[in-house]
Enquirer: 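Here it is, the structure in full.
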There are 2 protein chains.
Amino acid sequence: METKNIILTEDCLECLFKTTCNQTISQEDFDFLFQSTTQQNYKKGEVILKQGLKTNNLVYLLKGIVKFNYEDENKKNLILTITKAPTLLGLANILNEDVSIFSIVAIEESRGCLIDLDKLKMLALNNRLFMLNILKMSTGMFRSSIFNFISLAHKQVNGRIADILINLTKNVYQNNSFILSISRQEFAEYAGCSKENVIHTLRNFDNDNIIKISGKSIKILNLDRLIKISQVG
Amino acid sequence: METKNIILTEDCLECLFKTTCNQTISQEDFDFLFQSTTQQNYKKGEVILKQGLKTNNLVYLLKGIVKFNYEDENKKNLILTITKAPTLLGLANILNEDVSIFSIVAIEESRGCLIDLDKLKMLALNNRLFMLNILKMSTGMFRSSIFNFISLAHKQVNGRIADILINLTKNVYQNNSFILSISRQEFAEYAGCSKENVIHTLRNFDNDNIIKISGKSIKILNLDRLIKISQVG
DNA sequence: TAAAAAAAATGCACTTTTTCACTTTTTAAA
DNA sequence: TTTAAAAAGTGAAAAAGTGCATTTTTTTTA
């Protein structure tokens, strides 16, 4: 049986190094960062980063699917986005020293690599290209979140739900058929509407042969029409 | 009469240098950046950065108020946010080489300082603290935009309009009384609802003595109730 | 400064969405 | 494996929001 360390190294060479920091970080710098990282498994529902708490690390998600969850003054949950591995979580907190403004919660069995924020910052200060890379990821994340924002803020429920289905198919599950990792209630928290509205709208899409639903299992039958619904709003 | 250059220098020492890059950029570096900047006046309605075009500069807004405007596939305009000087515009484009995803348009007589993006990048690469500062601004902007996003995506029109009024009072005009720089139609594009709904809601707030409206002139009479309306959504 | 154009306001019919009370189905636990 | 609890689903009434026609007011410009 291999030791834990060897598994870690392989994973990291495969993921963080190759995909995220590629070519901007030397092996020794990477090893420096790597020494302080620990891997962590998360069960469905487990909190990875908690809203309101100061965090000392980024989490490089190796495996799994997570939701960004904001809990408002009235304890109402709102899902900001759903995203899958591999991805770097906690970028928004990287320099603003105050607390995290939302929680990140696993909605599928996940595994993440905790990266010490202080060491990462130290490294970034000494490695311009690496820092540039992080800056790029940060602004890139901002840019992509704007479209999500536009959908939710300026479309009706049909269009919002269509957008969510498109995002799940194209980016999260990357498959026309998938088993939904969230409840109808959570879907409603994502779409910004009531759960009944989600149920009715999904049912309508099913009746119109745009999707086929059976419990948590969803199959996209007609992506083009979904895109059209998204466009008319 | 003073020369234009002297005026420029004074402005910049006052604004960009002191407020944004403070302590992270040397006088000579600043002068290097400054040599390539030009100042520009914008009339109400003039476009500062255009959606869909590649931009070669950031704009440091010295004076005025601007809207971030997104035009969708159906030519419908959506206002993402409204912000006032002094502020740095175009951060979202700083590293992602592709085109700007929204326009920035003056809604009041404004003045901006065009900063060459290549020179700024060169400078950032040679000055870690300066780059850190820009990274900080970028993530800070992202963080603050999330609350706007939450309001629009997950509240009803009452709450959204309350949020917009609160933002205008606290951050944009920084006064309980102000002359609105946007039309009811634009207000609707910001709130994500119909212009009739804006008119009715503002009228209701007026009837309830929460605000006093008279054309474009708005006075906030009861900020606490507005905050309460924002909270219940 | 008068005429034309644009913006604001109004009321109403219509559509969308929420809320609620309830039933059915699925999941978890004793 | 039965029971309890949670989630999903239903339909209808109430509330919220839109779109349109029309009038009034404000702004622009000739």
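Per chain, numbering begins at 1; letters A, B, ... match sequence-line order. All values below were derived from every heavy atom in this structure, side-chain atoms included, with hydrogens, water molecules and symmetry-related copies excluded.
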Enquirer: Regarding Ser181(B) and Tyr173(B), is there a side-chain donor-to-acceptor distance under 3.5 Å anywhere?
Expert: yes

Enquirer: CG of Leu152(B) versus P of dG17(D): gap in Å, rounded?
Expert: 13 Å

Enquirer: Students often mix this up, so state it plainly: with edges at 30° and 60°, are the rings of Phe149(B) and Phe149(A) parallel, tilted or perpendicular?
Expert: perpendicular

Enquirer: Atom CD1 of Ile179(A) to atom P of dT27(C): distance rounded to whole Å?
Expert: 11 Å

Enquirer: So, is Gln156(A) close to the dT17(C) phosphate, meaning a side-chain N or O under 4.0 Å from OP1 or OP2?
Expert: yes

Enquirer: Does Lys216(B) put a side-chain nitrogen or oxygen below 4.0 Å from OP1 or OP2 of dA7(C)?
Expert: no

Enquirer: Whole angstroms only, please: what is the CD-P distance between Glu196(B) and dG19(D)?
Expert: 8 Å

Enquirer: Choose from dG11(D), dA9(C), dG17(D) the nucleotide whose nearest atom is closest to any side-chain atom of Asn197(B).
Expert: dG17(D)

Enquirer: Nearest whole angstrom, please: distance from the C1' of dT25(D) to the CD1 of Ile199(B).
Expert: 12 Å

Enquirer: Round to the nearest Å and state the distance from Ile213(A) atom CD1 to dT25(C) atom P.
Expert: 15 Å

Enquirer: Rounded to whole angstroms, how far apart are NE2 on His154(A) and P on dT16(C)?
Expert: 20 Å

Enquirer: If every non-hydrogen atom of Leu152(A) is compared with every non-hydrogen atom of Tyr190(A), which pair is closest and at what distance?
Expert: CD2-O, 3.3 Å

Enquirer: Report the C-alpha distance between Ser177(B) and Ile218(B) in whole Å, list the side-chain angles of each, state the deciding distance to 0.1 Å, and finish with yes or no for side-chain contact (heavy atoms from CB on, under 4.5 Å).
Expert: CA-CA 6 Å; Ser177(B) 294; Ile218(B) 296 188; over 6 Å; no

Enquirer: Judged by modelled atom types alone, do Gln40(A) and Arg111(A) share a side-chain donor-acceptor pair under 3.5 Å?
Expert: no

Enquirer: Take the protein atom CD1 of Ile182(B) and the nucleotide atom P of dT26(D), then report the distance between them rounded to whole Å.
Expert: 19 Å

Enquirer: Closest to the Arg184(A) side chain: dA8(D), dA9(C), dA12(D)?
Expert: dA8(D)

Enquirer: Between Asn158(A) (CG) and dG17(D) (C1'), how many Å, whole number?
Expert: 15 Å

Enquirer: Have a look at Ser194(A) and say if it touches a base, only the backbone sugar-phosphate, or nothing, with a 4.0 Å heavy-atom cut-off.
Expert: base

Enquirer: Taking 4.0 Å as the cut-off, does a side-chain nitrogen or oxygen of Lys195(B) come that near to OP1 or OP2 on dT18(D)?
Expert: no

Enquirer: Can you tell me which nucleotide in dA7(D), dG11(C), dT18(C) comes closest to the side chain of Ser183(A)?
Expert: dA7(D)

